[in-house]
Amino acid sequence: EAWTAVKEANDIAVTGIKQYAPAGDLPSQFLGIPVGSVGDKAQLLLSLPCDEIDAIMRRETGLGQTGETYLVGQRDSTLRSNLRLKKEPTLLVLDADTEAVRLSKEGKTGFVAGRNYDGVPVISAYAPFSFGRDWNIIAEQDLSEVMQPLWWLMVEIGLFIIVLMVLVIVQAFRTGKQLGTRLIVL
């Protein structure tokens, strides 16, 4: 496939990720580079390891306990990377037909609250992504984890309001008692 793509374009070409029989049916991707002025006769073909893509996509930095990033194909909604929160492989196996994926496949970039591939409520960031092939990159985190700091802030504000109301009521009783005492004296 890489050979044909380079020959037709006479330029660098990247294949999609597919299971490759000579590699024991492991998912593989290839980069083809024309050599010299006649790319149809001489090419350099390199195997691009999917493990490197996975290592980047599985990074946890800033994603909390439930956050993850993944790549999705443009033609279908099959994952082009493994998920960090799943023990079993998801590359070329899991179909992630979510609202974020659909919006990204339309060429849009943004954020959306919706459900992930497992039906869990999440906040998703999405964008089209190109690396020789058209993919979509999705980053998402469970809504419960995203909202937890906001929930604690609301609890703190609620407690502050209750304490403030108690202080106002106590001060109102004190002021009322003092005014009542002065009126009785007059």
Expected output: side-chain Arg102 to main-chain Asp97 donor-acceptor under 3.5 Å: yes
Run the side-chain donor-acceptor check on residues 89-96: report pairs under 3.5 Å with partners two or more places apart or on a different chain.
unit_1, atom_1, unit_2, atom_2, d
Thr90, OG1, Ser81, O, 3.4
Thr90, OG1, Leu83, N, 3.0

field: Residues which pass salt bridge (Lys or Arg N to Asp or Glu O under 4.0 Å) with Arg58, listed by chain and number, not counting sequence neighbours
entry: none
- request: For Gln74 and Asn136, indicate whether the former's side chain and the latter's backbone hold a donor-acceptor pair under 3.5 Å.
  value: no
- prompt: Looking at CD of Glu140 and OG1 of Thr98, how far apart are the two atoms once the value is rounded to the nearest 0.5 Å?
  reply: 6.5 Å
- request: Report the C-alpha separation of Glu52 and Ile56 in whole Å, then their side-chain angles, then the decisive distance to 0.1 Å, and conclude whether the side-chain contact (heavy atoms from CB on, under 4.5 Å) test is met.
  value: CA-CA 6 Å; Glu52 296 298 323; Ile56 293 167; 5.7 Å; no
statement: Between the CD1 atom in Ile17 and the SG atom in Cys50, the distance rounded to the nearest 0.5 Å is 4.0 Å
- prompt: Met57 and Trp135: same hydrophobic cluster, using ILVMFWY side-chain contacts below 4.5 Å?
  reply: yes
statement: Smallest heavy-atom separation, Arg84 atom then Gln65 atom, equals NH2-O, 3.6 Å
- prompt: Would you find a donor on one side and an acceptor on the other, under 3.5 Å apart, between the side chain of Arg75 and the backbone of Asp134?
  reply: no
task: Scan for ring pair (Phe, Tyr, Trp, His ring centres under 6.0 Å) pairs involving residues 147-184, sequence neighbours excluded, and state none if there are none.
output: none
- line: The reported gap from OG1 in Thr69 to CD1 in Ile138 (rounded to nearest 0.5 angstrom) is 10.0 Å
field: Glu106, CD: over 12 other non-hydrogen atoms inside 6.0 angstrom
entry: yes
message: Looking at Ala100, is its backbone amide N or carbonyl O close enough to the side chain of Lys105 to form a donor-acceptor pair, meaning the two atoms are under 3.5 Å apart?
response: no
query: Between atom OG1 of Thr4 and atom CD of Gln43, what is the distance when rounded to the nearest 0.5 Å?
result: 8.0 Å
task: Could you note down all residue pairs passing ring pair (Phe, Tyr, Trp, His ring centres under 6.0 Å) where residues 82-101 supplies at least one of them, sequence neighbours left out?
output: none
- prompt: When hydrophobic residues are tied together by side-chain contacts of less than 4.5 Å, even through go-betweens, does Ile53 share a cluster with Phe129?
  reply: yes
- prompt: Does the distance from a Lys or Arg side-chain N to an Asp or Glu carboxylate O, for Asp118 and Lys86, drop under 4.0 Å?
  reply: yes
message: Measuring from atom CG of Leu164 to atom CD1 of Ile162, what distance do you get when rounded to the nearest 0.5 angstrom?
response: 11.0 Å
- prompt: Is there a path from Val112 to Val101 through hydrophobic residues (I, L, V, M, F, W, Y) whose side chains come within less than 4.5 Å of each other?
  reply: yes
- prompt: Any sub-3.5 Å donor-acceptor pair from Asp76's side-chain atoms to Thr78's backbone N or O?
  reply: yes
- prompt: Hey, quick one: are Leu46 and Val35 part of the same hydrophobic cluster, counting side-chain heavy atoms closer than 4.5 Å, chains of contacts allowed?
  reply: yes
field: Close side-chain approach of Pro128 and Thr109, heavy atoms under 4.5 Å
entry: yes
- prompt: With distance as the sole test, does Asp142 use its side chain to make a donor-acceptor pair with the main-chain N or O of Glu145 at under 3.5 Å?
  reply: no
- request: Find out if a path of hydrophobic residues (ILVMFWY) with successive side-chain heavy-atom gaps under 4.5 Å connects Tyr126 to Leu79.
  value: yes
Which residues share a ring pair (Phe, Tyr, Trp, His ring centres under 6.0 Å) with Tyr70, sequence neighbours left out: Tyr117
field: Apart from Ile157 itself, residues in the same hydrophobic cluster as defined by side-chain heavy atoms under 4.5 Å
entry: Ile123, Leu143, Val146, Met147, Leu150, Leu153, Ile161, Met165
message: Rounded at 0.5 Å granularity, tell me how far OG1 in Thr66 sits from CD in Gln148.
response: 10.0 Å
